[in-house]
Amino acid sequence: MDAKRSSIGAELLAWYDAHGRVLPWRARPGETADPYRVWLSEVMLQQTTVAAVRPRFENWVARWPDVASLAAADEGEVMAAWAGLGYYARARNLVKAARAVVDDHRGAFPTTEAELRALPGLGAYTAAAVAAIAFGERAVVVDANVERVVARLFAIDAPLPGARGAIRAAADSITPTLRAGDFAQAMMDLGATICSPKRPRCLLCPLREECRGFAEGEPERLPVKAKKKARPARFGTVFWLEGDGPGMTGSVWLVRRPPKGLLGGMRALPTGSWSEEPPLLADAPAATDWRVLPVTVAHGFTHFDLTLSLAIGRGTPQGEGEWWPVADVESAGLPTLFAKAVRAILESDR
DNA sequence: CAAACGTGGAA
DNA sequence: TTTCCAAGTTT
């Protein structure tokens, strides 16, 4: 290992000590990291911004302060608490993993990357991050920030995802034996605040002197990525069914979505399946006189754009579900798609 | 390996 | 307005 390469870790750690972000899940200098908080934050942060996670993390740990309390939680309540954060498999796996820690590991998180990797929802990145940050293991932590920083440092211009192997090897070569967790967090802070995707602030970068991407003049073009495909358009109908019997007036019919797939396990308004043309009143949850509102709700998912029609009715539902007070619908824990539909319906004259 | 899987904010 | 993208994992 040459002298320049081995100095990267030390320079980055010095920068981190001076400029690292203060975040609720991060141990302060001298504090011992709490594996539960590290794990929870890492899962929440998967494909999710720090700004979105911060308040949700605070609320979560106030309600479920440790792995035992989460393992004992009602899964429906956990799903509702995750509502709005997206990628709901994360919440389902959070409960599974918490129960595995309690049932299979005597309530204490496993301490090695390999054991952590076996828990549900911990992939290559998260297992390495928890091992390094919570337990000090020298794990090679590679997320999108690290990919970007490393691709620029070493001027790796092979396109992702093919370049993953080369990037990981380069990250391995600069990961220190000591303070591997701080090093990983430093790389991510650097990627988030200095080595940003569009307009990197190279003049503030502690690694500028070592950066081949900077030396070559166009660090912002790295890493090279394949273009994303266009998202297809899909259509659907959501049904707002209010009760007309005694005790059901002022209540709306909610269902639980199937445990897997899109918005899996989440409470929801009834819908039919999505299709390439508006499905109108197919799969309505009651035989009644539906009124379709003259507005639609648009919602973009990762892999398709959805346009929802809104059908309003009153009557007796078919199938499984529950009546929920309209006045408390915000506490039902609906995913954003349905929260948008509810807002549009309540803003209409219904 | 490609595709499924959410959402909100920045540019 | 549209596109990009954020501390990825699972199948």
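- As rounded to whole Å, 12 Å separates atom P of dC1(B) from atom CG of Leu160(A).
- The NZ atom of Lys229(A) sits 7 Å away from the C1' atom of dA2(B) (whole-angstrom rounding).
- Comparing atom distances between the Arg21(A) side chain and each of dG6(B), dA7(C), dC5(C) picks out dA7(C) as nearest.
- dT2(C) atom C1' lies 11 Å from atom CG of Asp305(A), rounded to whole Å.
- With dC5(C), dG6(B), dA6(C) as the choices, the nucleotide that has an atom nearest any side-chain atom of Leu263(A) turns out to be dG6(B).
- Side-chain N/O atoms of His303(A) include one lying less than 4.0 angstrom from OP1 or OP2 on dC5(B).
- Summary of the strand contacts: Lys198(A) and His299(A) both lie near DNA chain B, and taking for each the nucleotide with the nearest heavy atom, the more 5' one is attributed to His299(A).
- Distance from the side chain of Gln46(A) is smallest for dG8(C) among the nucleotides dG8(C), dC5(C), dA7(C).
- Salt bridge absent: Arg148(A) and Asp143(A) never bring a charged side-chain N and a carboxylate O closer than 4.0 Å.
- Within 4.0 Å (heavy atoms only), Leu23(A) reaches at least one base atom of the nucleic acid.
- For the pair Val326(A) and Trp240(A), the minimum side-chain heavy-atom distance is below 4.5 Å.
- Summarising the geometry, the separation between CH2 on Trp274(A) and P on dG6(B) is reported as 11 Å, rounded to the nearest angstrom.
- Looking at the side chain of Thr126(A), the nearest of the listed nucleotides dG8(C), dA6(C), dA7(C) is dG8(C).
- Annotation for Val101(A) and Pro110(A): closest pair CG2-CD, 4.4 Å, computed over non-hydrogen atoms.
- We find that CH2 of Trp82(A) is positioned 12 Å from P of dT9(C), with the value rounded to whole Å.
- What separates CZ of Arg234(A) from C1' of dC5(B) is a distance of 15 Å, to the nearest Å.
- Residue Gln47(A) places at least one side-chain N or O under 4.0 Å from the OP1 or OP2 atom of dG8(C).
- Distances from the side chain of Leu337(A) to the nucleotides dT7(B), dG6(B), dT9(C) place dT7(B) closest.
- Residue Asp289(A) qualifies as open at atom CG: its count of foreign heavy atoms under 6.0 Å is 12 or below.
- Ion pairing between a basic and an acidic side chain is recognised when a charged N comes within 4.0 Å of a carboxylate O; Glu31(A) and Arg26(A) show no such pairing.
- Contact annotation: Thr48(A) does not reach the phosphate of dA7(C) (side-chain N/O to OP1 or OP2, under 4.0 Å).
- Here dT7(B) is the nucleotide among dC5(B), dA6(C), dT7(B) with the atom lying nearest to any side-chain atom of Phe301(A).
- For the pair Met266(A) CE and dT7(B) P, the interatomic distance rounds to 8 Å; values are reported in whole Å.
- Closest to the side chain of Tyr87(A), out of dC5(C), dG8(C), dA7(C), is dG8(C).
- Within 4.0 Å of Ala184(A), counting heavy atoms only, lies no atom of the nucleic acid at all.
- In terms of heavy-atom proximity, Phe239(A) sits nearest to Pro285(A) at CG-CD, 3.3 Å.
- The CZ-P distance, from Arg54(A) to dA7(C), rounds to 14 Å in whole Å.
- Among dA7(C), dA6(C), dC5(B), the nucleotide with an atom closest to any side-chain atom of Thr49(A) is dA6(C).
- When the side-chain nitrogen and oxygen atoms of Arg90(A) are compared with OP1 and OP2 of dT10(C), none of them lie within a distance under 4.0 Å.
- Closest to the side chain of Tyr125(A), out of dG8(C), dC5(C), dG6(B), is dG8(C).
- Between Thr302(A) and the phosphate of dA4(B), there is no side-chain N or O to OP1/OP2 separation shorter than 4.0 Å.
- At least one side-chain nitrogen or oxygen of Arg117(A) sits closer than 4.0 Å to the OP1 or OP2 atom of dT10(C).
- Residue order along DNA chain C, read from the 5' end via each residue's closest nucleotide, puts Lys227(A) first among Lys227(A) and Lys260(A).
- Across all non-hydrogen atoms, the minimal contact from Arg90(A) to Met44(A) is NH1-O, 2.9 Å.
- Residue Gly86(A) is the one, among Ala51(A) and Gly86(A), whose nearest nucleotide of DNA chain B lies closer to the 5' end (criterion: closest heavy atom).
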